[in-house]
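Hydrogens, waters and symmetry mates play no part in the numbers below; they use all other heavy atoms, side chains included. Lettering of chains follows the sequences in order, A, B, ..., and the numbering in each one begins at 1.
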There are 2 protein chains.
Amino acid sequence: MKFDDKVPIYYQIKNYLYHEMMTGALKPGDKLPAVRQLAVDLTVNVNTVQRALGEMITEGILESQRGKGNFVTMDEQRITQLKEQLVMEQLERVYEQLHALNLTDEQIIASLKQYIAQRGQRDDQRVSD
Amino acid sequence: MKFDDKVPIYYQIKNYLYHEMMTGALKPGDKLPAVRQLAVDLTVNVNTVQRALGEMITEGILESQRGKGNFVTMDEQRITQLKEQLVMEQLERVYEQLHALNLTDEQIIASLKQYIAQRGQRDDQRVSD
DNA sequence: CCTAGTGTTCTATTTAACTATTACACTATA
DNA sequence: TATAGTGTAATAGTTAAATAGAACACTAGG
């Protein structure tokens, strides 16, 4: 896995696992790959994986069973809540950044629309390659 | 200044200075505060400031004059270009993150609109305090 | 010339993140 | 009960970021 060296790897692992859950690749009750396997897959150390998982366990999003494995919580509401929180964090951050760059609310929305439209074209291009 | 400990301080200083330029607090040709003064203002070490400035000088956005100070480039086009680049980076990041959270293009735009609308209410609330 | 203000560079130290390695604890199952 | 698979913990070493402090180089103005 490719990491952005501007932010701690364990933090990026958390985000990766969040995404797996949000897209349904990991469902409530699912067992995660073994920590040693995850370490190999992500090409990082077991301790780094453990740090990410440890925080997610504290957050109540994962549950650990010694000798068995790590599992996604069965509490679906907790997952829904997490997703809303993650989306909100993204929106808040981009809004504040663009606002700091002196864009008005309208300009922020317009620029996002434009970006997505252009991206759509670019993706269409790719498909037709 | 408050920093996010998930990303290097020198990187956050760069962003801070970018924003000062985009909002017009720092205009083309303006002299920046002395590096030692900046270090005091931002409550960081001179070397950390220097690292941020050094990169911006390399980028051609700042110009250094030994014994005089650091100045914002007079090349306004370079600044315009930078702003577009910064906006684009923000849009790209938020788009990819929200897309990874399984939101459609339409949902991404809708959620941003909703966020801004709600934020507007919140800000109105504050004003009336 | 001297001095104050400025950018620049260097060395040493500290801290957090990451890695490497090993050991331990628990579970399931043959 | 032995073994393979799992999570957990501890120790030690490496690296990048940040800090602290000092020294050097240049500019402007008295």
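In this structure A:Glu89 satisfies the salt bridge (Lys or Arg N to Asp or Glu O under 4.0 Å) test with no other residue, sequence neighbours excluded. For B:His19, there are no ring pair (Phe, Tyr, Trp, His ring centres under 6.0 Å) partners two or more places apart in sequence or in a different chain. For B:Gln12, there are no side chain to side chain donor-acceptor pair (under 3.5 Å) partners at least two apart in sequence or on another chain. For the side chain to side chain contact (heavy atoms under 4.5 Å, CB included) test, residues two or more places apart in sequence or in another chain that qualify with A:Val87 are A:Lys83, A:Leu91, B:Leu98, B:Leu101, B:Leu103. Under the ring pair (Phe, Tyr, Trp, His ring centres under 6.0 Å) criterion, B:Tyr10 pairs with no residue at all, not counting sequence neighbours.
Looking at every heavy atom in both residues, B:Ile108 comes nearest to B:His99 through CD1-N, 4.1 Å. Residue B:Ser64 comes nearest to B:Asn70 through the heavy atom pair CB-OD1, 3.3 Å, listed as atom of the first residue, atom of the second, then distance.
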Which atoms of nucleotides 28-30 of chain C (N or O only) lie under 3.5 Å from a protein N or O atom, and what are those distances?
unit_1: C:dA28; atom_1: OP1; unit_2: A:Lys68; atom_2: NZ; d: 3.1

N/O contacts under 3.5 Å, protein versus nucleotides 21-24 of chain C?
unit_1: C:dT21; atom_1: O4; unit_2: A:Asn47; atom_2: ND2; d: 3.4

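Across the protein-nucleic acid pair, B:Asn70 atom CG and C:dT6 atom P stand 11 Å apart, rounded to whole Å. With rounding to whole Å, B:Glu55 atom CD is found 13 Å from D:dA16 atom C1'. Computed from coordinates, the B:Leu38 CG to C:dT8 P distance equals 13 Å when rounded to whole Å. Between A:Leu32 atom CG and D:dT6 atom P the separation is 12 Å, expressed in whole Å. To the nearest angstrom, P of C:dT8 lies 16 Å from CZ of B:Arg51. Computed from coordinates, the B:Gln50 CD to D:dG21 C1' distance equals 15 Å when rounded to whole Å. Taking atom NZ on B:Lys31 and atom C1' on C:dG5, their separation rounds to 8 Å, with Å as the unit. Rounded to an integer number of Å, the gap from CD of A:Gln65 to C1' of D:dG5 is 14 Å.
With respect to B:Met56, the side chain to side chain contact (heavy atoms under 4.5 Å, CB included) criterion is satisfied by exactly one of B:Leu62, B:Thr73, B:Leu32, B:Leu82: B:Leu62. If you run side chain to side chain contact (heavy atoms under 4.5 Å, CB included) between B:Asn45 and each of B:Thr43, B:Asn47, B:Leu42, only B:Asn47 comes through.
Contact check for A:Asn102 versus B:Thr23: side-chain heavy atoms found under the 4.5 Å cut-off. Between A:Ile13 and A:Leu38, every side-chain heavy-atom pair lies at or beyond the 4.5 Å cut-off. Residues B:Ile61 and B:Met21 have side chains in contact (heavy-atom distance under 4.5 Å, counting atoms from C-beta outward).
OP1 or OP2 of C:dT19 sits under 4.0 Å from a side-chain N or O of A:Thr48.
Applying the salt bridge (charged side-chain N to carboxylate O under 4.0 Å, His left out) test to residues at least two apart or on different chains, none of the pairs has a partner in residues 31-43 of chain A. For residues 48-70 of chain B, the set of pairs meeting the salt bridge (charged side-chain N to carboxylate O under 4.0 Å, His left out) definition, not counting sequence neighbours, comprises B:Lys14-B:Glu55, B:Lys14-B:Glu59.
For CD of B:Glu96, the number of neighbouring non-hydrogen atoms (other residues, nucleotides, ligands) closer than 6.0 Å is greater than 12.
Taking five base pairs at each end of the helix from C:dC1-D:dG30 to C:dA30-D:dT1 and finding the rotation axis that steps the C1' atoms of four pairs onto the next four gives two axes whose angle is 0°, to the nearest 10°.
For DNA chain D, no neighbouring residue in residues 2-19 of chain A is found when judged by any heavy atom under 4.0 Å. Residues from residues 56-64 of chain B that place a heavy atom under 4.0 Å from any atom of DNA chain C, listed by number: B:Ser64.
Side chain of A:Gln107 to backbone of A:Thr104: a donor-acceptor contact under 3.5 angstrom is found.
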